[in-house]
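To start, the structure under review is shown below, and the notes come after it.
Letters A, B, ... are given to chains in the order of the sequence lines, protein chains preceding strands, and every chain is numbered from 1.
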Number of protein chains: 2
Amino acid sequence: MMDTKTRIIESAIEIFGEDLSAPLQKVADNADITRRTLHRYFADRNELVAVCRQEIESSCKKAMLTAIQSSNEPLVQLESMLYAGIDCGSKYALFKRLHQGEDHYHNPENKNCADYDAIFKAFHKIIIQLQKQGKVNSEMSSQWIQVLHRGIVESTVHAKAHTTKSEEEIKKLAWASYIKAISP
Amino acid sequence: MMDTKTRIIESAIEIFGEDLSAPLQKVADNADITRRTLHRYFADRNELVAVCRQEIESSCKKAMLTAIQSSNEPLVQLESMLYAGIDCGSKYALFKRLHQGEDHYHNPENKNCADYDAIFKAFHKIIIQLQKQGKVNSEMSSQWIQVLHRGIVESTVHAKAHTTKSEEEIKKLAWASYIKAISP
DNA sequence: CTATAATTTCTCAAAAGTGTGACATTGCAT
DNA sequence: ATGCAATGTCACACTTTTGAGAAATTATAG
């Protein structure tokens with residue numbers, strides 16, 4: 001069984017991902033503990049939300065960086081980044097929302113923002129390389145491709161829950177669709 | 001200026017789409033009215049949520065049916081369906097969630113469910129036709145294509161808010177990416 | 001078995017959110 | 001300008017959510 005604190009955080013990410021204002025009772029139920037226990041680990045709602053944020057930041061960031069460093073071949077890097085996003089599951093959508101939501105004030109002084117920037121910069125570089133190699137459509141901006149990337153990740157995460165296909169199979173399907181979408 | 005009642009509904013759909021338990025104050029703020037005014041149009045939260053649901057059902061359904069009926073050419077139909085989804089904006093994501101969410105009990109007796117089924121059946125038929133014509137990859141199931149469709153729509157809706165590109169331009173980009181993704 | 005750490009149960013008070021009545025203000029058609 | 005309809009302001013009671021104390025229960029290590 002998972003560590004209680006970790007279980008609370010995972011549950012909270014699940015619940016808050018769909019409903020940030022959901023009562024803490026829901027989070028507690030989802031984690032199979034009492035609300036009282038939850039409050040022993042987290043002083044208040046804000047603290048829990050903050051910790052979730054931090055957990056999302058660090059685990060998505062780590063997954064993305066590992067993917068980027070997995071190879072020198074941009075096509076392999078891009079494929080790994082797609083799979084990394086899918087593996088992050090619901091966290092990935094939150095990660096994006098946290099940095100792109102309309103309420104978010106982007107500030108490069110902030111470490112989280114800086115790291116996010118670094119990841120997107122690397123993504124941008126990968127796309128430029130692929131465009132130079134003629135493997136990616138040069139008429140598509142890397143912004144659009146990033147948006148598409150997110151869309152494919154989220155679709156695949158949704159699909160994982162509603163299909164009989166194996167995880168491996170569906171990931172390959174996602175990659176096939178994605179690379180064709182952005183090919184010249 | 002939009003009709004107040006309509007504005008409240010649109011605001012509520014926006015807010016509830018991301019956070020179903022959000023305080024009504026947020027909906028009121030978003031609609032630029034007081035909470036008191038909101039309560040003059042909707043007796044309570046449940047009523048507002050129900051009306052939102054109905055509005056989503058009917059407007060998405062209408063948009064989709066119009067798209068399907070826009071042509072006899074399956075490729076044109078598919079393109080229209082994509083644009084229709086984009087035009088529905090945040091409603092489209094909700095529409096899908098309402099019918100595919102894990103809490104939703106699908107019941108063909110229910111008119112909403114039946115209509116949803118009819119739309120998906122039409123979509124399925126269009127894909128099959130395109131596969132027979134060799135315009136769509138036969139190795140992709142129509143389920144996967146439907147998931148992808150949703151992903152592209154949601155990405156595009158997100159992108160609309162964060163780009164300087166014209167709506168027309170971004171829609172064309174979405175269609176170009178989509179059709180390539182599912183081409184043989 | 002025993003000590004002790006973690007969790008639950010029950011409780012309660014403070015805070016936030018909800019719905020409404022009474023009246024003031026604004027906007028707009030006549 | 002007048003009057004009506006829509007909206008805003010403020011005050012209020014009510015409900016739900018929140019956070020925490022105290023004691024009982026359960027699990028766990030030694």
Side-chain angles (χ1 to χ4, degrees), chain A residues 1-59 90-91 93-94 97-98 101-105, chain B residues 1-59 90-91 93-94 97-98 101-105:
Chain A
M1 202 57 184
M2 225 190 297
D3 173 43
T4 303
K5 189 164 183 175
T6 310
R7 215 167 64 243
I8 295 173
I9 296 171
E10 297 296 320
S11 300
I13 289 173
E14 247 180 69
I15 300 288
F16 290 157
E18 293 210 329
D19 188 0
L20 191 59
S21 305
L24 295 178
Q25 184 66 60
K26 271 198 185 173
V27 176
D29 289 348
N30 199 242
D32 256 308
I33 51 160
T34 356
R35 201 165 54 81
R36 191 65 189 82
T37 301
L38 189 155
H39 276 296
R40 244 182 230 104
Y41 285 90
F42 301 96
D44 58 30
R45 184 191 200 83
N46 289 340
E47 192 182 315
L48 178 57
V49 170
V51 171
C52 287
R53 238 193 105 108
Q54 203 44 56
E55 161 59 22
I56 287 167
E57 292 284 355
S58 82
S59 79
S90 59
K91 282 182 201 168
L94 261 288
R97 262 212 257 163
L98 287 176
E102 38 263 13
D103 51 340
H104 174 67
Y105 261 127
Chain B
M1 202 57 184
M2 225 190 296
D3 174 43
T4 302
K5 189 164 184 176
T6 310
R7 216 167 62 244
I8 294 174
I9 296 171
E10 298 294 320
S11 300
I13 289 173
E14 248 179 69
I15 300 288
F16 291 156
E18 295 211 326
D19 187 1
L20 191 59
S21 306
L24 295 178
Q25 185 66 60
K26 270 198 187 174
V27 176
D29 289 347
N30 199 244
D32 256 308
I33 50 160
T34 11
R35 200 164 55 84
R36 190 64 187 82
T37 300
L38 189 154
H39 277 296
R40 275 204 195 88
Y41 286 88
F42 301 97
D44 58 30
R45 184 190 200 83
N46 290 340
E47 191 182 317
L48 178 56
V49 170
V51 171
C52 286
R53 240 194 103 109
Q54 204 41 58
E55 161 59 22
I56 287 167
E57 292 286 353
S58 83
S59 79
S90 58
K91 281 181 205 168
L94 264 287
R97 262 211 257 164
L98 287 176
E102 41 260 17
D103 50 341
H104 174 67
Y105 261 127

B/Asp44: partners by side chain to side chain donor-acceptor pair (under 3.5 Å), with sequence neighbours left out: none
B/Asp19 side chain reached by B/Lys26 side chain, heavy atoms, under 4.5 Å: yes
Residue [X], side-chain atoms from C-beta onward, closest of [options]:
X: B/Thr37; options: D/dT18, D/dG8, C/dT18; answer: D/dG8
X: B/Ile33; options: C/dT7, D/dG19, D/dG8; answer: D/dG8
X: B/Thr34; options: D/dG19, D/dG8, C/dT18; answer: D/dG8
X: B/Arg40; options: C/dA22, C/dT9, C/dT18; answer: C/dA22

Rounded interatomic separation in angstrom, taking [atom1] from [X] and [atom2] from [N]:
X: A/Lys5; N: C/dA6; atom1: NZ; atom2: C1'; answer: 15 Å
X: A/Leu48; N: D/dG19; atom1: CG; atom2: P; answer: 10 Å
X: B/Ile8; N: C/dG19; atom1: CD1; atom2: P; answer: 13 Å
X: A/Gln25; N: D/dG19; atom1: CD; atom2: P; answer: 13 Å
X: A/Leu38; N: C/dT9; atom1: CG; atom2: C1'; answer: 16 Å
X: A/Tyr41; N: D/dA20; atom1: OH; atom2: P; answer: 16 Å
X: B/Leu24; N: C/dG17; atom1: CG; atom2: P; answer: 10 Å
X: A/Asn46; N: D/dG19; atom1: CG; atom2: P; answer: 8 Å

N/O donor-acceptor pairs under 3.5 Å from side chains in residues 35-43 of chain B, not counting sequence neighbours:
| from | atom 1 | to | atom 2 | distance (Å) |
| --- | --- | --- | --- | --- |
| B/Thr37 | OG1 | B/Thr34 | OG1 | 3.3 |

Touch class at under 4.0 angstrom, heavy-atom based, for A/Phe42 against every strand present: nothing
Inter-end axis angle, the helix from C/dC1-D/dG30 to C/dT30-D/dA1, with every axis fitted to five base pairs (rounded, 10 degrees): 40°
Summary of protein contacts for nucleotides 10-16 of chain C, nucleotide by nucleotide, where a base hit scores B, a sugar-phosphate-only hit scores S (4.0 Å, heavy atoms): -------
Under the salt bridge (Lys or Arg N to Asp or Glu O under 4.0 Å) test, residues paired with A/Glu14 that sit two or more places apart: none
If you restrict it to nitrogen or oxygen atoms, what contacts under 3.5 Å exist between nucleotides 24-27 of chain D and the protein, and what is each distance?
none

Pairs meeting criterion side chain to side chain donor-acceptor pair (under 3.5 Å) with involvement of residues 45-58 of chain A, two or more places apart: A/Glu55-A/Lys91, A/Glu57-A/His99
